[in-house]
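Below is one structure; the comments refer to it alone.
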Number of protein chains: 2
Amino acid sequence: MAKRISHQKSMCGVARPLDAIGDWWSLLIIRDAFDGLRRFGEFQKSLGLAKNILSARLRNLVSHGILDTVPASDGSPYQEYVLTAKGRGLFPVLVALRQWGEEFFFEPGEQHVTLVDKEKGSPVQRLRLLAEDGRLLGPTDTVITFPEAVVAD
Amino acid sequence: MAKRISHQKSMCGVARPLDAIGDWWSLLIIRDAFDGLRRFGEFQKSLGLAKNILSARLRNLVSHGILDTVPASDGSPYQEYVLTAKGRGLFPVLVALRQWGEEFFFEPGEQHVTLVDKEKGSPVQRLRLLAEDGRLLGPTDTVITFPEAVVAD
DNA sequence: ATATATCGGTTGCAAGTTGAAACCACAAGA
DNA sequence: TCTTGTGGTTTCAACTTGCAACCGATATAT
């Protein structure tokens, strides 16, 4: 089942997540879980994937601690799949992906749903990456390394 | 080559991106591109994937307008792969994934590289999602809909 | 009691994808 | 000339995907 990354060098902070959610369907399952879906059949109907695949994906997500199975909630003898804290931690990933999709994958003017602030109904801002001192950071302003203990400038 | 999603409902702002970068390697290639890698051989050495796969992935990324091929830069008769604006737009996605990975995929105390502010060398803050009026938003504070379509309760 | 349906899967199998290794074309160097 | 390095393509066995059929447990209808 595991995609088998044999590469140590790649097992960085980006590669490890991909090992858990790096396939196509998993993120869509998680997105639906954020939307409140919990039952096998709900996911299957929403996503339209084959049941064996859904079964495998759910099992994989549970084994990675992203979803958890809880006995039931409404009488039925089945289980439900709910996001763990780790799973809920994927919220920024979904938002980032969605914002990128909205910016580059829709024609200007093409009608589509978007992420809005529930309280006000107004669109959210873009995700922001801030430095420790509050400066807004872009791709060229960061580097991947061990944080310096340095304080002096 | 395309994973062929036939599901209209799924072709939302999350699914469209996944159609372009939804496989395991593509994001790692893009990550390396952010790190300054440009040449076929550099990607191959860094990632350790088979050359045919790399070739296919690069072609796919170029066809999606995420990478662009430029003739050469240092005399060699080959081409280089550079991020387009669309590709650079993936920066928040990578950051989100990395921050999630750092939070949940490393033992507390396990040594690992992280994203730091290039200027100061200090760790960056977590990505923030802000409402239009500046409130910090979490998973339960947002909903996916058409903007302004919210009904008062 | 019997038939039927629904839910949450598993199993079988055909088709598609992946990836290691071999091969190829071109250019530079010895 | 022969060798090395770069940037791929081709080949082919192994693996993954996904449709469809099946299964067992409950629920509902007759």
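Order of the sequence lines fixes the chain letters, A, B, ..., with proteins taken first and strands second; residue numbering starts at 1 for each chain. We use all heavy atoms of the structure for the numbers below, so side chains are in, but hydrogens, waters and symmetry mates are not.
Residue pairs meeting the ring-ring contact (aromatic ring centres under 6.0 Å, His included) criterion with at least one member in residues 113-132 of chain A: none, sequence neighbours excluded. For residues 34-56 of chain B, the pairs satisfying ring-ring contact (aromatic ring centres under 6.0 Å, His included) are B/Phe34-B/Phe91, with sequence neighbours left out.
Considering only residues two or more places apart in sequence or on other chains, B/Glu119 meets the salt bridge (Lys or Arg N to Asp or Glu O under 4.0 Å) condition with A/Arg135. Every side-chain contact (heavy atoms from CB on, under 4.5 Å) that A/Glu107 has, sequence neighbours left out, goes to A/Glu110. In terms of the salt bridge (Lys or Arg N to Asp or Glu O under 4.0 Å) criterion, residue partners of A/Arg39 (sequence neighbours excluded) are, by chain and number, A/Asp74, A/Glu80.
Residue B/Asp23 contributes atom CG, which lies 15 Å from atom P of D/dT16 at whole-angstrom precision. A straight line from CD of A/Gln44 to P of C/dG8 spans 10 Å, rounded to a whole angstrom. Atom-to-atom, CG of A/Leu54 to P of C/dT10 comes out at 10 Å; the value is rounded to the nearest Å. In this structure, A/Arg57 places its CZ atom 15 Å from P of C/dG9, rounding to the nearest Å. Rounded to a whole Å, the CG atom of A/Leu49 is 9 Å from the P atom of D/dC19. Rounded to an integer number of Å, the gap from NZ of B/Lys45 to P of D/dG5 is 11 Å.
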Ignoring hydrogens and angles, write down the donor-acceptor pairs under 3.5 Å from the side chains of residues 61-71 of chain A, residues two or more places apart or on other chains.
| unit_1 | atom_1 | unit_2 | atom_2 | d |
| --- | --- | --- | --- | --- |
| A/Ser63 | OG | A/Asn60 | O | 2.8 |
| A/His64 | ND1 | A/Asn60 | O | 3.1 |
| A/His64 | ND1 | A/Asn60 | OD1 | 3.2 |

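B/Tyr78 forms part of no hydrophobic cluster, judged by ILVMFWY side-chain heavy-atom separations under 4.5 Å.
Residues B/Lys118 and A/Thr142 approach most closely at CE-O, 3.6 Å, considering heavy atoms.
Place B/Pro77 and B/Ile53 on DNA chain C by their nearest nucleotides, and B/Ile53 ends up nearer the 5' end.
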Return the polar atom pairs (N/O with N/O) between nucleotides 28-30 of chain C and the protein under 3.5 Å, or none.
none

Within the sub-3.5 Å range, which N or O atoms of nucleotides 7-9 of chain D have a protein N or O partner, and how far apart are they?
| unit_1 | atom_1 | unit_2 | atom_2 | d |
| --- | --- | --- | --- | --- |
| D/dG7 | OP1 | B/Arg39 | NE | 2.5 |
| D/dG7 | OP1 | B/Arg39 | NH2 | 2.6 |
| D/dG7 | OP2 | B/Gly41 | N | 3.2 |
| D/dG8 | OP1 | B/Gln79 | NE2 | 3.4 |
| D/dG8 | OP2 | B/Tyr81 | OH | 3.0 |
| D/dG8 | N7 | B/Lys51 | NZ | 2.8 |
| D/dG8 | O6 | B/Lys51 | NZ | 2.6 |
| D/dT9 | OP2 | B/Ser55 | OG | 2.4 |
| D/dT9 | OP2 | B/Arg59 | NH2 | 3.2 |

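Taking only side-chain nitrogens and oxygens, B/Trp24 never comes nearer than 4.0 Å to OP1 or OP2 of C/dT18.
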